[in-house]
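Down below is the structure, laid out as structure tokens.
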Amino acid sequence: MRRFEGDKLVIATHNSGKLREISALLEPFGVETIGAGALGLEEPEETEETFAGNARIKAHFAARATGLPALSDDSGIMVEALDGAPGVHTADWAETPDGRDFAMAMQRVWDLLEKKQAPEPRRASFNATLCLAWPDGHDELFVGQVHGRIVWPMRGEQGFGFDPIFQPDGYDETFGEMDPAQKHAISHRAEAFAKLVAGCFGG
């Protein structure tokens, strides 16, 4: 496994929520993080049907474009009763001509579950794959997952994406209601990040 030796890392995302979370997780290591959006990088087309495939596309694109190591995150929610959807298409479900509308996307998930008369608990998992890529084409992959259930109505103003309808196992609050520090401690991204740190940062 290759160690990260630099002091500057491109975060290959245009999602401000993800950028905030990842930057906070990297802060203890004294690494300067720069978002792809701030560098004026376009978003590469995500053509893979796996989280790992799309994470690789984003990280390698940013590493090649900047000459710096780049970290990407491809993540999403998989709902059991919807055969794992939206999965890698999680963000796509929120797309509108005026930007992403996650309230609409969450309503779509719930409406589909109601239409299928899916039994409670309506099981789901949040999945994250981190890819750390170097300009020479090398990469390392790290996977995290957290299980829980879909709840309705939406609850909480914290977090982003589908957080307000996801209640992790063992907790009474949704990710949207949790204090960010608490969510960071148990989230899918935190699990993947712990593996990244152990592998590449020697934490």
How about [X] and [Y]: do any of their side-chain heavy atoms sit closer than 4.5 Å?
| X | Y | result |
| --- | --- | --- |
| Glu42 | Phe61 | yes |
| Leu39 | Val10 | yes |
| Arg189 | Ser75 | yes |

Is the backbone N or O of [Y] less than 3.5 Å from a side-chain atom of [X], with the two atoms forming a donor-acceptor pair by type?
| X | Y | answer |
| --- | --- | --- |
| Asn54 | Glu48 | yes |
| Lys195 | Val143 | yes |
| Lys116 | Ala81 | yes |
| Arg149 | Pro168 | no |

Please report the shortest heavy-atom distance between [X] and [Y], naming the atom on each side.
| X | Y | answer |
| --- | --- | --- |
| Pro135 | Pro69 | CD-N, 4.0 Å |
| Thr33 | Ser23 | OG1-OG, 3.0 Å |
| Asp74 | Lys58 | OD1-NZ, 2.9 Å |
| Leu41 | His14 | O-NE2, 2.7 Å |
| Ala192 | Gly144 | CB-N, 3.6 Å |
| Ala59 | Ala70 | O-CB, 3.5 Å |

Start with the C-alpha distance between Lys8 and Thr66, add both sets of side-chain angles, then the distance that settles side-chain contact (heavy atoms from CB on, under 4.5 Å), and finish with yes or no. CA-CA 11 Å; Lys8 193 176 286 189; Thr66 61; over 6 Å; no
Counting only heavy atoms not in Glu45, do more than 12 fall under 6.0 Å of its CD?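 It does not: Glu45 CD has 12 such atoms or fewer within range.
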Determine whether more than 12 heavy atoms belonging to other residues, nucleotides or ligands lie under 6.0 Å from atom CG of Asp111.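 Enclosed.
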Evaluate the side-chain contact (heavy atoms from CB on, under 4.5 Å) criterion for residues Glu157 and Glu177: first the C-alpha distance (whole Å), next the side-chain angles of each, then the deciding distance (0.1 Å), finally the verdict. CA-CA 6 Å; Glu157 302 292 324; Glu177 294 172 298; over 6 Å; no
Asp169 with Arg123: basic N within carboxylate O range, under 4.0 Å: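 Salt bridge flag = yes for Arg123 with Asp169.
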hydrophobic_cluster_shared for Leu132 and Val31, side chain cutoff 4.5 Å: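 In one cluster with Val31: Leu132, yes.
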Checking one residue: [X]. Which other hydrophobic residues are in its cluster under the side-chain 4.5 Å linking rule?
| X | value |
| --- | --- |
| Leu113 | Ile77, Val79, Leu82, Trp93, Phe102, Met106, Val109, Trp110, Leu112, Phe126, Val146, Ile150, Trp152, Met154, Phe162, Ile165, Phe166, Tyr171, Phe175, Met178, Ile186 |
| Val88 | Phe51, Met78 |
| Ile57 | none |
| Phe160 | none |

Could you measure the distance from the [atom1] atom of [X] to the [atom2] atom of [Y]? Nearest 0.5 Å is fine.
| X | Y | atom1 | atom2 | answer |
| --- | --- | --- | --- | --- |
| Ile22 | Ser72 | CD1 | OG | 8.0 Å |
| Leu130 | Leu141 | CG | CG | 9.0 Å |
| Leu71 | Leu68 | CG | CG | 13.0 Å |
| Asp172 | Arg155 | CG | CZ | 8.0 Å |
| Glu46 | Glu43 | CD | CD | 7.5 Å |
| Glu140 | Cys200 | CD | SG | 5.0 Å |

Name all residues meeting the ring pair (Phe, Tyr, Trp, His ring centres under 6.0 Å) criterion together with His184; count only those two or more places apart in sequence or in a different chain, and write none if there are none. none
Do you see a donor-acceptor pair shorter than 3.5 Å between the side chains of Asn127 and Ser125?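 Ser125 and Asn127 do have a side-chain donor-acceptor pair below 3.5 Å.
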I'd like to know if the side chain of Thr96 pairs up with that of Asp98 as donor and acceptor (distance under 3.5 Å, no hydrogens or angles considered). no
Checking side-chain contact (heavy atoms from CB on, under 4.5 Å) for the pair Asp179/Gln158: CA distance, chi angles, key distance, verdict? CA-CA 7 Å; Asp179 177 86; Gln158 305 278 6; 5.7 Å; no
Verdict with reasoning, Asp73 to Thr129, per side-chain contact (heavy atoms from CB on, under 4.5 Å): CA-CA 6 Å; Asp73 160 280; Thr129 298; over 6 Å; no
Given the rule in the salt bridge (charged side-chain N to carboxylate O under 4.0 Å, His left out) test, do Glu80 and Arg122 qualify, once you have shown the distances and angles that lead to the verdict? CA-CA 7 Å; Glu80 282 186 16; Arg122 293 171 167 180; over 6 Å; no
Partners meeting salt bridge (Lys or Arg N to Asp or Glu O under 4.0 Å) with Arg64 (sequence neighbours left out):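 Arg64 satisfies salt bridge (Lys or Arg N to Asp or Glu O under 4.0 Å) with no residue once adjacent residues are dropped.
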